[in-house]
A.B. asks: 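Handing you this structure, nothing more for now.
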Amino acid sequence: MGRLLAYALEFRGEALPDGDGLVFRARAPSGTIETRVARDGVSSRHIVDDLAEEAMLQARLAFRTDGSFTARTTLDFGHGHRLFIETAGVGRLGDSADEHLRHGTAVFRVAGGVGQFRGATGQVTSNFVLSDTGDLTDRQVGIVFLRPGFAHPS
């Protein structure tokens with residue numbers, strides 16, 4: 001049985017037109033996404049570890065005639081650790097309550113990896129907003145099973 005790795009990252013970057021699709025390029029600093037449940041409601045914030053390194057995201061979204069999309073994504077965690085994911089089914093990108101933002105979601109399956117992700121399996125969810133100027137914020141949660149015998153740092 002492999003070791004379970006759960007992660008949550010907030011990527012920020014840009015979306016660029018590419019033929020009938022989009023290319024996403026974004027960075028996520030190491031940090032914590034904190035959620036607080038209190039009497040007056042729910043709040044959240046992203047706490048960045050100033051000394052930590054970044055993860056890089058590069059994705060290609062191909063749109064279908066019904067507005068759904070498929071995507072192939074590379075998540076580069078540095079030092080030779082990369083995770084390759086692709087949509088499990090299709091993602092959706094549509095309007096939001098903010099007229100300047102489109103809201104998208106997708107579920108990805110692990111399609112391969114190198115470094116600590118060689119032989120990994122699992123799924124990643126993406127919940128993102130895209131501004132009318134091309135600014136991207138993508139919040140991802142991943143549950144990845146690392147191959148047996150991989151010595152994962154604490």
A.B. asks: Taking the side chain as every heavy atom from C-beta outward, state whether Phe24 and Thr73 have any pair of such atoms under 4.5 Å apart.
C.D. replies: no
A.B. asks: Mind checking whether Phe117 and Phe77 have parallel, tilted or perpendicular rings, split at 30° and 60°?
C.D. replies: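 Rings of Phe117 and Phe77: tilted, 30 to 60°.
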A.B. asks: Just so I know, are the side chains of Val141 and Tyr7 near enough to count as touching, which here means a heavy-atom distance under 4.5 Å?
C.D. replies: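 When only atoms from C-beta onward are counted, Tyr7 and Val141 do not touch, as no gap falls below 4.5 Å.
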A.B. asks: How many angstroms lie between atom NE2 of His100 and atom CG of Leu130, to the nearest 0.5 angstrom?
C.D. replies: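 Reported to 0.5 Å precision, the distance equals 13.5 Å.
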A.B. asks: Just checking Arg72: does its CZ atom have more than 12 heavy atoms from other residues, nucleotides or ligands closer to it than 6.0 angstrom?
C.D. replies: no
A.B. asks: Walk me through whether Leu22 and Leu16 qualify under side-chain contact (heavy atoms from CB on, under 4.5 Å).
C.D. replies: CA-CA 5 Å; Leu22 292 171; Leu16 302 169; over 6 Å; no
A.B. asks: Give me the other members of the hydrophobic cluster that Val90 sits in, counting Ile, Leu, Val, Met, Phe, Trp and Tyr linked by side-chain heavy atoms under 4.5 Å, directly or via other members.
C.D. replies: none
A.B. asks: Kindly compute the distance separating CG (Leu57) from OG1 (Thr74), expressed to the nearest 0.5 Å.
C.D. replies: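 Rounded to the nearest 0.5 Å, the CG-OG1 separation comes out at 8.5 Å.
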A.B. asks: What pairs with Asp66 under side chain to side chain contact (heavy atoms under 4.5 Å, CB included), at least two apart in sequence or on another chain?
C.D. replies: Arg64, Ser68, Arg92
A.B. asks: For Glu99, check side chain to side chain donor-acceptor pair (under 3.5 Å) against everything at least two apart and list the hits.
C.D. replies: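 Checked Glu99 against side chain to side chain donor-acceptor pair (under 3.5 Å); zero matches.
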A.B. asks: In Å and rounded to the nearest 0.5 Å, what is the CG to CG distance from Leu61 to Leu93?
C.D. replies: 8.0 Å
A.B. asks: Output all residues satisfying side chain to side chain contact (heavy atoms under 4.5 Å, CB included) with Thr35, sequence neighbours left out; order by chain, then residue number.
C.D. replies: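 Once residues adjacent in sequence are excluded, the partners of Thr35 under the side chain to side chain contact (heavy atoms under 4.5 Å, CB included) criterion are Val42, Ser44.
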A.B. asks: Evaluate the side-chain proximity of Leu146 to Gln116: yes if any heavy-atom separation is below 4.5 Å, no if none is.
C.D. replies: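 Yes; the side chains approach each other to less than 4.5 Å.
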A.B. asks: Which distance, rounded to the nearest 0.5 Å, do you find between the CE of Met56 and the CG of Leu75?
C.D. replies: 11.0 Å
A.B. asks: What's the spacing between Ile85 CD1 and Ser126 OG if we round to 0.5 Å?
C.D. replies: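 Going from CD1 on Ile85 over to OG on Ser126, the span is 7.5 Å.
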A.B. asks: Which pair of heavy atoms, one from Ala55 and one from Leu9, lies closest together, and at what distance?
C.D. replies: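 Minimum heavy-atom separation between Ala55 and Leu9: CB-CD1, 4.0 Å.
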A.B. asks: In Å, rounded to the nearest 0.5 Å, how long is the span from CZ of Phe11 to CZ of Arg27?
C.D. replies: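 Spacing of CZ (Phe11) from CZ (Arg27) equals 11.0 Å.
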A.B. asks: So which pairs with a foot in residues 117-144 pass salt bridge (Lys or Arg N to Asp or Glu O under 4.0 Å), sequence neighbours left out?
C.D. replies: Glu10-Arg139
A.B. asks: Is it the case that the side chains of Arg12 and Thr137 hold a donor-acceptor pair, with the cut-off being a distance below 3.5 Å and no angle test?
C.D. replies: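 Side-chain D/A pair, Thr137 to Arg12: present.
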A.B. asks: Can you give me every donor-acceptor pair (side chain of residues 101-112, partner residue at least two apart or in another chain, under 3.5 Å) with its distance?
C.D. replies:
{"unit_1": "His103", "atom_1": "NE2", "unit_2": "Asn127", "atom_2": "OD1", "d": "2.5"}
{"unit_1": "Arg109", "atom_1": "NE", "unit_2": "Glu86", "atom_2": "OE2", "d": "3.4"}
{"unit_1": "Arg109", "atom_1": "NH2", "unit_2": "Glu86", "atom_2": "OE2", "d": "2.4"}

A.B. asks: Please examine the side chains of Gln140 and Val124, heavy atoms only from C-beta on, and report whether any two atoms are closer than 4.5 Å.
C.D. replies: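 The answer is yes; the side chains approach within 4.5 Å.
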A.B. asks: Please find the pair of heavy atoms, one from Pro29 and one from Val48, that lie closest to each other, and give the distance.
C.D. replies: CB-CG1, 3.7 Å
A.B. asks: Should Arg147 and Arg3 be marked as a side-chain contact (heavy atoms from CB on, under 4.5 Å) after you check the CA-CA gap, both sets of side-chain angles, and the distance that decides it?
C.D. replies: CA-CA 7 Å; Arg147 70 184 181 277; Arg3 180 181 170 116; over 6 Å; no
A.B. asks: Where is the tightest heavy-atom contact between Asp20 and Arg60, given as atom of each residue plus distance?
C.D. replies: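 For Asp20 versus Arg60, the nearest heavy atoms are OD1-NH2, 3.7 Å.
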